[in-house]
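In what follows, chains carry the letters A, B, and so on, assigned in the order in which the sequence lines appear, proteins first and then strands, with residues in each chain numbered from 1.
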Amino acid sequence: MFIGDVLAKAGDLEGSKVRVCGWIHRIRDLGGVKFVIVRDRTGTLQTVFKKSELGEEVLEELEGLREECVVCIDGMLRRAPTKEGFEVAASSLTLLSRPLEPLPLEVHSSLKAGLTTRLKYRWLDARNPLVSGIFVLKAWVARKFREYYSSQGFVEIFTPKIVASGTESGANVFPVLYFDRVAYLAQSPQFYKQFAVIAGFERVYEIGPVFRAEPHHTVRHLNEYHSLDIEVGFIESYHDVMDYVEGFFRKLAEDLREVEDVLEAHQAPRIRIPESGAPRIPIRKAYEILESEYGKRIPYGEDLDPEGEKLLGSYVREKYNSDLVFVIDYPWRVRPFYAMRKDDEPEWTYSFDLLFRGLEVVTGGQREHRYERLRENLKDKGLKEEEFQYYLEFFKHGAPPHGGAGMGLERITMQILGLQNIREARLLPRDTERITP
RNA sequence: GCCGCGGUAGUAUAGCCUGGACGAGUAUGCGGGCCUGUCAAGCCCGUGACCCGGGUUCAAAUCCCGGCCGCGGCGCCA
């Protein structure tokens with residue numbers, strides 16, 4: 001039985017025999033009485049061994065016991081002035097495994113170690129409840145994503161991660177040997193989710209890994225991460241896509257109490273989204289706000305830099321009491337060729353980014369679904385049509401207007417919990433320096 | 001890719017600027033001892049480190065040069 005279950009039913013189980021299995025979290029040895037705190041995924045529970053009750057022999061078995069030994073302990077559950085309100089009066093202990101060497105990382109205080117050390121010994125670090133909580137929350141976000149979009153009539157798809165070319169410039173992809181040819185790890189499911197819409201599924205979503213071969217050195221980039229992707233056909237405008245994205249975040253905000261324990265442990269605040277909706281600010285307006293409010297100048301027609309995003313994040317927080325802000329109508333020159341350009345001003349696009357507490361966590365927009373326009377876009381970007389031939393083919397036989405978005409699962413997790421480094425939100429991060437463990 | 005910072009016991013740190021009493025301090029872990037209600041248990045004893053190579057100097061953890069490794073900012077992006 002999980003410790004969490006024992007504690008949940010403690011009222012009924014009081015006075016009866018229980019068995020708890022897990023790792024030894026702490027030992028407090030007072031000589032004639034020994035407290036052994038056991039930890040499993042669901043919590044910790046104190047067990048107590050008394051010499052006067054058990055005799056010398058049982059106590060001797062505890063010699064050499066130390067932190068992170070794997071044990072099962074049998075005993076009687078009773079009330080006690082512990083944090084949990086209960087303890088197990090132990091009758092026996094079964095030792096299943098013990099550390100062969102001094103621990104390179106102390107589990108109960110692993111967060112005091114440097115991130116490099118923690119990642120090197122991640123199997124120890126992840127035993128810290130504060131750490132495993134991150135991944136419980138991450139799994140919860142993924143589940144909410146599935147639930148929300150399924151409920152909105154979306155179908156989950158599973159697209160190839162080995163691909164023939166990148167989706168944009170092709171510069172930032174990892175090559176892999178594919179029999180006698182070179183293939184690449186997918187940097188985005190972009191083309192295939194559009195494929196799925198055109199193939200008649202109309203509304204699709206996918207949770208999958210994406211690979212970016214950029215040598216970045218920052219706290220918000222990984223070379224492998226999980227992308228939450230959606231794509232929707234028959235939209236009226238890119239606002240429909242934003243509505244779907246906002247709906248998902250609203251769902252997260254509403255249901256956040258389901259993961260209250262994790263939030264409390266990380267002292268994470270609620271997600272604030274105004275009743276009227278998250279503000280949608282054209283980037284040209286954002287330039288003005290940054291300049292007038294903060295004296296921050298972004299060159300006209302450029303993307304926001306990280307500082308600009310942070311500032312805009314605090315602006316909407318104060319002005320709209322919102323953790324979310326859509327920045328819309330990005331310049332054509334900073335967006336990929338498949339973005340739809342605005343009818344009346346082709347230097348701008350029907351696209352958006354979503355900033356969550358000042359960090360870009362979602363990118364999306366309406367896609368160009370008209371074959372000839374797509375060819376023009378490619379040409380305008382200086383891309384070779386031949387390289388995107390297979391993609392262009394999709395659009396020859398009836399492609400509805402559509403749009404979609406890609407969201408970074410680790411970035412969302414990081415922003416919900418206020419983590420300082422995205423690597424914390426990835427069990428085994430892949431970055432420029434790290435491919436093990 | 002460009003720029004900046006750093007590398008001291010298993011882990012986390014002090015010391016470095018201003019070279020000498022640093023024979024490298026502290027916490028925790030680990031080994032041993034005492035202890036029957038701890039909850040960061042406590043107390044006592046022990047254990048264990050200056051990234052590598054070269055240079056300056058009477059003297060280098062400390063200053064200089066090179067290397068290796070790591071971290072971060074920017075660019076790019078989720």
Side-chain angles (χ1 to χ4, degrees), chain A residues 25-37 44-54 59 63-64 66-68 78 80-85 87 89 99-121 124-125 167-169 171-172 187-190 207-229 245 302-309 330 334-336 353-356 359-364 405-415 420-423 425-426 431-434:
Chain A
H25 193 59
R26 293 271 195 186
I27 301 171
R28 289 189 268 276
D29 183 352
L30 279 66
V33 59
K34 299 183 200 301
F35 298 97
V36 177
I37 318 300
T44 57
L45 183 59
Q46 173 169 292
T47 66
V48 57
F49 294 78
K50 277 190 185 177
K51 193 196 273 182
S52 58
E53 292 172 9
L54 299 167
L59 270 281
E63 294 302 319
R66 55 183 175 185
E67 289 173 5
E68 299 313 309
R78 69 182 179 203
T82 59
K83 287 191 182 106
E84 297 80 22
E87 70 181 6
L100 300 175
E101 54 186 30
L103 301 170
L105 198 59
E106 288 155 62
V107 169
H108 47 77
S109 59
S110 74
L111 266 56
K112 285 183 187 162
L115 189 57
T116 305
T117 307
R118 291 174 50 203
L119 293 174
K120 187 175 172 186
Y121 302 104
L124 288 173
D125 182 50
T167 53
E168 279 130 79
S169 59
N172 50 351
Q187 56 163 196
S188 156
Q190 184 59 36
I207 299 177
V210 293
F211 305 90
R212 302 282 163 97
E214 297 288 342
H216 15 59
H217 297 97
T218 78
V219 294
R220 62 185 185 283
H221 289 94
L222 293 164
N223 293 297
E224 176 183 24
Y225 68 92
H226 264 67
S227 183
L228 307 176
D229 273 277
V245 170
E302 291 291 328
D303 201 350
L304 303 180
D305 60 22
E307 193 197 5
E309 292 180 351
Y330 275 80
V334 305
R335 286 288 168 164
D353 275 5
L354 175 66
L355 308 184
F356 176 24
L359 178 70
E360 181 181 334
V361 297
V362 181
T363 292
M407 330 188 193
L409 177 57
E410 287 78 6
R411 284 199 177 176
I412 293 171
T413 303
M414 169 183 187
Q415 290 306 89
Q420 294 304 303
N421 192 316
I422 196 165
R423 279 164 263 239
R426 188 90 192 167
D431 57 37
T432 51
E433 320 300 337
R434 218 176 313 267

Participant: Which part of the nucleic acid does A:R78 contact within heavy-atom distance under 4.0 Å: base, sugar-phosphate only, or nothing?
Facilitator: base
Participant: Determine, for nucleotides 44-50 of chain B in 5'-to-3' order, which nucleotides have protein heavy atoms under 4.0 Å from the base (write B), from only the sugar-phosphate (write S), or from neither (write -).
Facilitator: -------
Participant: Less than 4.0 angstrom between a side-chain N/O of A:T363 and OP1 or OP2 of B:rA78, yes or no?
Facilitator: yes
Participant: OP1 or OP2 of B:rC74 sitting under 4.0 Å from any side-chain N/O of A:R220?
Facilitator: yes
Participant: In whole angstroms, how far is the P atom of B:rC77 from the CG atom of A:L228?
Facilitator: 20 Å
Participant: Could you check whether A:D353 gets within reach of a base, just the sugar-phosphate, or nothing at all, counting any heavy atom under 4.0 Å?
Facilitator: nothing
Participant: Would you classify A:P215 as touching base, sugar-phosphate or nothing, given that sugar-phosphate means primed atoms plus P, OP1 and OP2, and contacts are heavy atoms under 4.0 Å?
Facilitator: base
Participant: Looking for any heavy atom pair under 4.0 Å, which part of the strands does A:Q46 touch: base, sugar-phosphate only, or nothing?
Facilitator: base
Participant: Is there a Watson-Crick or G-U wobble partner for B:rU56 with both distances under 3.5 Å, and if so, which one is it?
Facilitator: none
Participant: Please report, rounded to the nearest Å, how far the P atom of B:rC69 is from the NE2 atom of A:H217.
Facilitator: 12 Å
Participant: Provide the Watson-Crick or G-U wobble partner of B:rC69, both distances under 3.5 Å; none if there is no partner.
Facilitator: B:rG6
Participant: Could a donor-acceptor pair under 3.5 angstrom be found where the side chain of A:S52 meets the base of B:rU36?
Facilitator: yes
Participant: With a 4.5 Å limit on heavy-atom distance, are the side chains of A:I412 and A:L228 in contact?
Facilitator: yes
Participant: Let me spell it out: for each of A:R335 and A:N421, pick the nucleotide of RNA chain B with the closest heavy atom. Which residue's pick is nearer the 5' end?
Facilitator: A:N421
Participant: Report the distance from atom NE2 of A:H216 to atom P of B:rA78, rounded to the nearest whole Å.
Facilitator: 10 Å
Participant: From the options B:rA40, B:rG73, B:rG37, select the nucleotide whose nearest atom is closest to the side chain of A:V48.
Facilitator: B:rG37
Participant: Could you check whether A:L409 gets within reach of a base, just the sugar-phosphate, or nothing at all, counting any heavy atom under 4.0 Å?
Facilitator: nothing
Participant: For B:rG48, what is the paired nucleotide under Watson-Crick or G-U wobble rules, both distances under 3.5 Å?
Facilitator: none
Participant: Give the nucleotide from the list B:rG73, B:rA40, B:rA78 with an atom nearest to the side chain of A:R26.
Facilitator: B:rA40
Participant: NA contact type, A:T82, heavy-atom cut-off 4.0 Å: base, sugar-phosphate, or nothing?
Facilitator: base
Participant: By nearest atom, which of the nucleotides B:rU36, B:rA12, B:rG75 is closest to the A:T218 side chain?
Facilitator: B:rG75
Participant: Whole Å only: how far is the CG atom of A:L100 from the P atom of B:rG10?
Facilitator: 17 Å
Participant: Do the side chains of A:R411 and A:H221 get nearer than 4.5 Å, heavy atoms only?
Facilitator: yes
Participant: Expressed as a whole number of angstroms, how long is the span from A:D305:CG to B:rA78:P?
Facilitator: 16 Å
Participant: Counting only Watson-Crick or G-U wobble pairs whose two distances fall under 3.5 Å, which nucleotide matches B:rU11?
Facilitator: B:rA27
Participant: Paired with B:rA61: which nucleotide, if any, by Watson-Crick or G-U wobble criteria at under 3.5 Å for both distances?
Facilitator: none
Participant: Please determine whether any donor N or O and acceptor N or O are separated by less than 3.5 Å between the side chain of A:H221 and the base of B:rC76.
Facilitator: yes
Participant: Just checking A:L30: base, sugar-phosphate only, or nothing, at a heavy-atom cut-off of under 4.0 Å?
Facilitator: base
Participant: Determine if A:F35 stacks with B:rG37; use a centre-to-centre distance below 5.5 Å and an interplanar angle below 30° as the criteria.
Facilitator: no
Participant: Which nucleotide, if any, forms a Watson-Crick or G-U wobble pair with B:rG42, using both distances under 3.5 Å?
Facilitator: B:rC34
Participant: Identify which nucleotide among B:rU11, B:rC39, B:rU36 has an atom closest to any side-chain atom of A:P81, counting heavy atoms from C-beta outward.
Facilitator: B:rC39
Participant: With a 3.5 Å limit on both atom pairs, tell me what B:rC74 is paired to, counting Watson-Crick and G-U wobble, or say none.
Facilitator: B:rG1
Participant: Kindly say whether A:E360 contributes a backbone atom to a donor-acceptor pair with the side chain of A:R220 at under 3.5 angstrom?
Facilitator: no
Participant: Rounding to a whole Å, what distance do you find between A:D29:CG and B:rC35:P?
Facilitator: 11 Å
Participant: Does the side chain of A:I207 reach to within under 4.5 Å of the side chain of A:H226, using non-hydrogen atoms?
Facilitator: yes
Participant: For A:R423, report the nucleic acid contact type (base, sugar-phosphate, nothing); a contact means any heavy atom under 4.0 Å.
Facilitator: sugar-phosphate
Participant: Quick check: any donor-acceptor pair below 3.5 Å linking the side-chain of A:E67 to the base of B:rG29?
Facilitator: no
Participant: Could you check whether the side chain of A:E87 and the base of B:rG37 have a donor-acceptor pair of N or O atoms closer than 3.5 Å, going by distance alone?
Facilitator: yes
Participant: With a 4.5 Å cut-off on side-chain heavy atoms, are A:L119 and A:D125 touching?
Facilitator: no
Participant: Using atom NZ of A:K34 as one end and atom P of B:rG42 as the other, report the distance to the nearest whole Å.
Facilitator: 16 Å
Participant: Quick check: are there more than 12 heavy atoms from other residues, nucleotides or ligands sitting under 6.0 Å from CD of A:Q420?
Facilitator: no
Participant: Quick one: label A:V219 by what it contacts on the DNA or RNA (base, sugar-phosphate, nothing), any heavy atom closer than 4.0 Å.
Facilitator: sugar-phosphate
Participant: My understanding is that a pair needs two contacts under 3.5 Å, Watson-Crick or G-U wobble. By that rule, which nucleotide pairs with B:rA21?
Facilitator: none
Participant: To the nearest Å, how far apart are A:E63 CD and B:rC30 P?
Facilitator: 14 Å
Participant: Can you check whether A:R212 reaches A:L222 side chain to side chain, under 4.5 Å on heavy atoms?
Facilitator: no
Participant: Reckon A:R66 has a side-chain N or O less than 4.0 Å from the OP1 or OP2 of B:rG31?
Facilitator: yes
Participant: So, A:R335 and A:D353, do they make that salt bridge, N to O below 4.0 Å?
Facilitator: yes
Participant: Reckon A:K83 has a side-chain N or O less than 4.0 Å from the OP1 or OP2 of B:rA40?
Facilitator: yes
